[in-house]
There are 2 protein chains.
Amino acid sequence: MGDLMNNSAASGLTDTSRGRIRRENETRILEAAERVFADTGLAGATMAQIAQVAGLPKANLHYYFGTKEQLYQAVLTGILELWLDATDTIHQESDPAEALAGYVRAKMLHSRQRPLASKVFANELLSGAPFLTHYLEIELRQRVEAKSRIIAGWIADGRMTSLDPRHLFFMLWGMTQTYADFAVQIRAVLEVETLSDAAWDEATSEVVDFVLRGCGIRTAPNQPSGLVS
Amino acid sequence: MGDLMNNSAASGLTDTSRGRIRRENETRILEAAERVFADTGLAGATMAQIAQVAGLPKANLHYYFGTKEQLYQAVLTGILELWLDATDTIHQESDPAEALAGYVRAKMLHSRQRPLASKVFANELLSGAPFLTHYLEIELRQRVEAKSRIIAGWIADGRMTSLDPRHLFFMLWGMTQTYADFAVQIRAVLEVETLSDAAWDEATSEVVDFVLRGCGIRTAPNQPSGLVS
DNA sequence: AAACAAATTGACCAGTTGGTCAACTTGTTT
DNA sequence: AAACAAGTTGACCAACTGGTCAATTTGTTT
């Protein structure tokens, strides 16, 4: 219980602590950078501001990440890994209703838990995605193509309405990311300071239901959207 | 034909030319500013860049608009007028299908014709909307509330599926603005340099159909989405 | 504890930023 | 054409920008 998770006690050198400082500072800086980039984008962010949020001297950021662009690149890369996982609820064998509902729920959970990541991504797209050309034109495109074929299969089998799967993805992204990127707008309309857990569940099921109807799928499988404190 | 639109010929002073230079330069600067703000937001934009796009010396911008913030404010105000008009297809008396389809078409037309306006707005929301508090909390909120009551009426009358109208608006905004704000992403997935007229019509009817199904409305009224050159 | 690597940071720099201003040109009015 | 207002703009400035660096401290290895 009381021991401080210091493993390999007798071995002499603590393998855990190798580069510990570096790892801690890097994540600390990355978090601060994500917050600042989320609000103002690459061009608008300043190293001084990131340093202040991170609680470190500015020179320290340059020591770990070189230039502002490299720090930005690092933040973006972390986000892309997160992003590419989301489509993995959509498989050939799965039930369309469950697969699509699962996808929407995963996307809404991202908007809820990693809104800053979503905002950084949005800022990058708004400025023409100069750092994401490869991601957009290769990785994302292929992923969408693959998943679109699966959905096209479902349509051919008469399991959902006929539609262009690519546009379905555009709409899903728009609907779900709006809850992160444009949260101010949503909070203003709903007249709340922050979205409560209940409000997030409400929003999620509104989107899930709307999407399933939009896809011409009859019944939604019931599934609470997680995150119980 | 050949005359240079100089009306009130005999009257001596040309009423048309009063402040003509000012008006021309202001719109010229506003257009340049919109483009630059769209890509990088307020913080990322520089007056020098705007001046270059406008093809005017920097000091000239300050002569007409004072500070960068005031220029930004002016750009935003112009956009808000555009924005607030869109909901006007939704009336008590109108057919839900036509009203909602019309709303979506209007929004898609905005994304198509004024993508820069949409991007400026998106950037402002991403940075926390410091210049839009009044708009969001008063004007937009009331407008949404009013229109939501109408939609709630349609639901009560059994003319469409039961849903929260406010979330419907969030989804509609997300779906339609994605085609302007994240156009790079869409172009990358569709593998096109620019969206053709046909592609825009395709996208529009995909969204319209999806929305009507999502709202539980049976048939869509057929209406070509305009813009024939 | 000696030797070395890793990390810290104040001070500094050249380039850029938003903004000013005074001298000047152009347009308008009478 | 005289008088005045409106518009133009190069030169300038203080504040800030991303980035560097050398001196120093801290951590690690033997």
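A note on names: the letters A, B, ... follow the listed sequences, proteins ahead of strands, and every chain is numbered from 1. Computed over heavy atoms, backbone and side chain alike; hydrogens, waters and symmetry mates excluded.
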How many whole angstroms separate atom [atom1] of [X] from atom [atom2] of [N]?
X     : N      : atom1 : atom2 : result
B:L61 : C:dC21 : CG    : C1'   : 16 Å
A:I29 : C:dA7  : CD1   : P     : 11 Å
A:K58 : C:dT9  : NZ    : P     : 14 Å
A:E26 : C:dA6  : CD    : P     : 13 Å
B:H62 : D:dG7  : NE2   : P     : 17 Å
A:Y64 : C:dA5  : OH    : C1'   : 13 Å
A:Y63 : C:dG10 : OH    : C1'   : 17 Å

message = I'd like to know whether the aromatic ring centres of A:F182 and B:W173 sit less than 6.0 Å apart in this structure.
response = no
request  = Taking the side chain as every heavy atom from C-beta outward, state whether A:Y179 and A:P115 have any pair of such atoms under 4.5 Å apart.
outcome  =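 Sidechains of A:P115 and A:Y179: no contact.
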Angle of first-five versus last-five pair axes in the helix from C:dA1-D:dT30 to C:dT30-D:dA1, to 10 degrees =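 Result, rounded to 10 degrees: 20°.
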task = Applying side chain to side chain contact (heavy atoms under 4.5 Å, CB included), run through B:L76 and B:E124 and close with a yes or a no.
result = CA-CA 9 Å; B:L76 264 187; B:E124 171 65 10; 4.1 Å; yes
key: Between A:S127 and B:D39, a side-chain donor and acceptor under 3.5 Å   = no
query = Hey, is A:R22 close enough to A:E26 for a salt bridge, meaning N to O under 4.0 Å?
reply = yes
inquiry  = Under 4.0 Å, counting only non-hydrogen atoms across every strand here, what does A:A51 touch: a base, just sugar-phosphate, or nothing?
reply    =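 Here A:A51 touches no strand at all.
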